[in-house]
Every structure is written in structure tokens, then in C-alpha cells.
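Take a look at the structure set out below.
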Amino acid sequence: MAGEPAAAGSAAGTGSTTGASSTDTVEGALAVLPGPRAEESGFELLWQQVVAEIGRARSIDLICHICPDGDALGSALAAGLALKGLGKEVRVSFGDDPQIVPESLAFLPGQELIVPASAVPDSPELVLCFDVAAESRLGLLHDKAFAAPVLVVLDHHASNPGFGTHQLIDPDAPATAVLVDELLRRLGVELDQSLATCLYTGVATDTGSFRYRATTPATHELAGRLLATGIRHDLISRQLWDTSSFGYLKVLAGALDRAVYEPDAADGLGLVWTWVPYQELVLFSVTVEEIEGLIDILRRPAEAEVALVLKQDPDGTLRGSSRSKGAVDVAAACAELGGGGHVYAAGFSAREDVDVVVRRFRAALRAHRD
């Protein structure tokens with residue numbers, strides 16, 4: 001099942017990419033390849049600079065945030081496959097140890113490009129950074145990324161402080177994969193099924209299968225172009241949202257049984273929260289990554305504006321995932337706990353007890369009601 005979407009699309013790691021072999025050729029195409037913010041001269045100049053840097057580079061390291069989701073890993077792999085097709089030496093990595101690709105993303109093409117963080121050079125020639133909202137999300141690759149003379153950040157998180165030497169950050173983009181699609185067009189790379197599978201996964205993941213507010217007509221236009229390559233979006237969606245282990249159901253049952261509804265939280269808008277202890281994950285052989293979708297179940301009650309799920313790591317760290325229905329800026333609230341994200345979807349990590357973390361989060365909500 002894990003390989004089903006890739007088999008339905010095309011062979012992983014291969015694809016007919018055609019593109020400009022020189023920076024001059026690529027830049028000459030800029031006028032006919034408008035981007036999401038091409039009307040802004042500063043952003044347009046930045047795109048040209050990034051394309052030029054890629055054209056000059058021989059070796060490129062592509063990194064995404066720790067515990068990667070579909071947008072992070074899909075974006076990095078799409079760019080990696082495209083750049084490999086252009087003759088670049090590429091490595092894809094993320095700063096976790098152990099480095100685990102979630103089972104729900106096991107179908108993504110290009111995973112032969114993934115290397116452990118230790119295999120990334122100490123001083124990379126050029127680093128492209130995908131979907132990383134804060135430096136802390138670089139994990140073990142933080143120092144290596146900042147040792148590169150060129151560090152390009154492609155992201156769509158409004159909370160991104162703008163680190164790196166080149167910041168291609170568009171908070172209006174519904175997914176980082178949208179920026180990667182723009183990058184591939186500027187490089188003259190034609191979409192094939194491998195690239196489309198990665199990009200569709202990124203867009204579908206961060207739009208909640210095109211349900212979230214950030215979804216625009218342009219998002220559907222991009223999805224249409226990706227589907228036109230012949231990928232099986234139904235199989236991709238099944239792998240992303242409709243496939244789990246039986247153990248997950250047991251963990252889900254426990255998390256829902258522990259769920260707490262606080263009607264007075266968020267200035268009376270309501271908060272529903274729960275947590276998942278690490279021992280429970282071990283008992284049912286479930287990974288932290290496998291329960292990422294739990295937040296989308298907890299956010300359903302009509303009585304609560306905000307939902308919060310705390311997932312415990314082996315060392316006791318609590319990873320918080322939060323969602324808002326529109327009246328509370330959870331990105332700002334999570335920033336007070338050292339995290340960040342989007343206005344309606346954000347997260348953080350904390351090393352305190354559950355009751356302390358929930359109390360801090362509850363206090364932050366009061367200060368960030370829209």
C-alpha cells in the first residue's frame with residue numbers, strides 16, 4: 001500500500017525533466033513565466049538572484065524541517081528531482097536522528113536522494129531550505145545550513161522571521177509546494193508524474209485536501225496542471241488520510257477519551273485539548289508521525305474555536321499542534337511558547353508538564369484573539 005500512489009504515477013526518482021542549462025537561458029524566460037508575486041519588483045529580483053545562484057552551483061543541498069510533513073518533504077523531493085535532472089549534484093535531508101519518513105509519505109518519489117544529516121557537508125555550496133518557519137526547525141542541520149555562503153529559504157509561514165541570505169517567503173501561498181512549482185517553471189523544468197506527485201502531496205497536505213481558507217482559484221489551477229500529468233490523486237489521498245494501523249485506532253480512542261473541553265478559554269470562544277503519552281505509542285506500536293492527523297479530528301466540535309493536541313516524545317518533550325477556526329491567531333499564541341506557523345494552524349515544543357503547557361497556551365490565547 002505504501003508504494004501505491006507512486007506506482008500509479010511513475011517510477012520514483014526518474015522523470016523526463018527538460019530545462020535551461022544556463023542562467024542566461026533561464027532568466028530570458030522570466031517574462032513569460034509569471035509567478036505568484038511577479039508584480040512586486042523586489043520579489044521578482046529575488047527570484048532572478050536565486051535562479052542565478054542555482055545556475056552557478058554544482059552541488060546543492062535541499063533540507064526541510066524536522067519531522068517533515070507532506071509539504072516539507074514533497075517540496076524538497078520535487079526540487080531535488082528537478083535539479084538532478086538538470087545535472088546538479090543534490091542531497092535531500094532533514095535534521096532528525098533517527099531520520100524517519102512517515103509511513104503516510106512512503107510513496108513519494110525521489111527518496112533515493114535522501115541522506116542522513118551527517119552526510120550533508122559541513123560547509124555546503126548552496127542550501128535550499130523548504131517549509132522551515134524558524135531556525136529551530138532545522139534541527140541537526142542548523143549549523144551546516146548557516147555555514148553555506150548561500151542559504152535560500154522557500155516558505156509560506158507568516159511567522160517566518162526571514163533567516164538565510166535569500167528569503168522567498170510568501171505568506172499568501174497555501175503551501176511551500178506552490179513556491180517550488182514557481183521555481184521549477186523559472187528553471188524551465190517540465191512537470192512529469194514524479195514531480196507532480198510530490199507537489200500535489202505538498203499542496204493537498206497544507207490545504208487540508210483543498211478545504212482550508214488559504215485555498216484560492218490559483219491553487220485549483222495548479223492542482224489541475226498536476227493532475228494533467230496522469231497522477232492518481234485518489235490513491236495519494238487514500239495514503240495521506242485514509243490509511244492507518246489498527247494501533248492508531250487504539251491511540252485515537254485514548255486521546256479522545258482524555259479530551260477536555262474548556263468553554264471559557266480563548267475569551268469564551270472555547271478550547272478542546274488532549275494529549276498522547278509516549279508510553280501509549282509504544283504499547284500500540286504507533287509513531288508520533290502517525291498521529292499527526294489527530295488534530296483534525298479534535299478540531300471538529302462546534303463548541304470550540306481552538307483545538308490543541310500534545311504528543312509526547314521519548315525524552316518527554318511535548319509537541320503541540322493547534323488549530324483555529326478563524327477568530328484566534330494561533331501562530332502568535334504558539335510563538336509565545338517558542339513555536340510558530342500559520343494564523344489558523346501552528347505548533348510548538350515544550351519540556352514542561354502537560355498541565356503547565358496547557359496553562360501557558362490558554363494564557364497566550366487570551367492575548368491573540370483576532
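Just the heavy atoms: all of them, side chains too, but no hydrogens, waters or symmetry mates, feed the values below. FYI, the numbering just counts along the sequence from 1.
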- Message: Is any side-chain heavy atom of Leu318 closer than 4.5 Å to one of Phe348?
- Response: no
Below 4.0 angstrom, N of the basic side chain to O of the carboxylate: do Arg238 and Asp234 qualify? no
Worksheet entry | Heavy atoms from other residues, nucleotides or ligands near CZ of Arg351 exceed 12 (cutoff 6.0 Å) | yes
ask   = So do the side chains of Tyr261 and Pro301 get within less than 4.5 Å of each other, counting heavy atoms only?
value = no
Margin query: For Lys250, I'd like to know if atom NZ has over 12 heavy atoms of other residues, nucleotides or ligands within 6.0 Å.
Written below: no
Could you tell me if the side chain of Arg319 sits less than 4.5 Å from the side chain of Val288, heavy atoms only? yes
- Would a 4.5 Å heavy-atom cut-off, applied to side chains only, mark Leu199 and Leu222 as touching? no
Contacts satisfying ring pair (Phe, Tyr, Trp, His ring centres under 6.0 Å) that involve residues 185-222 (not counting sequence neighbours) are Tyr200-Phe210, Phe210-His220
With a 4.5 Å heavy-atom cut-off, do Glu292 and Lys311 have their side chains touching? yes
Practice prompt. Please check if any side-chain donor atom of Ser194 sits under 3.5 Å from a side-chain acceptor atom of Thr197, or the reverse.
Written response: no
Find out if a path of hydrophobic residues (ILVMFWY) with successive side-chain heavy-atom gaps under 4.5 Å connects Leu281 to Val354. no
Closest heavy-atom pair, Gly341 versus Ser159, reported as atoms and distance to 0.1 Å, is N-OG, 2.9 Å
Test item: Val260 and Val272 side chains (from C-beta on) under 4.5 Å apart, heavy atoms: no
Does the side chain of Pro277 reach to within under 4.5 Å of the side chain of Arg258, using non-hydrogen atoms?
-> yes
* Asked: Can His156 and Asp172 be counted as having a side-chain donor-acceptor contact under 3.5 angstrom?
  -> no
Worksheet item: Under 3.5 Å, is there a donor-acceptor pair linking the side chains of Trp275 and Gln312?
Response: no
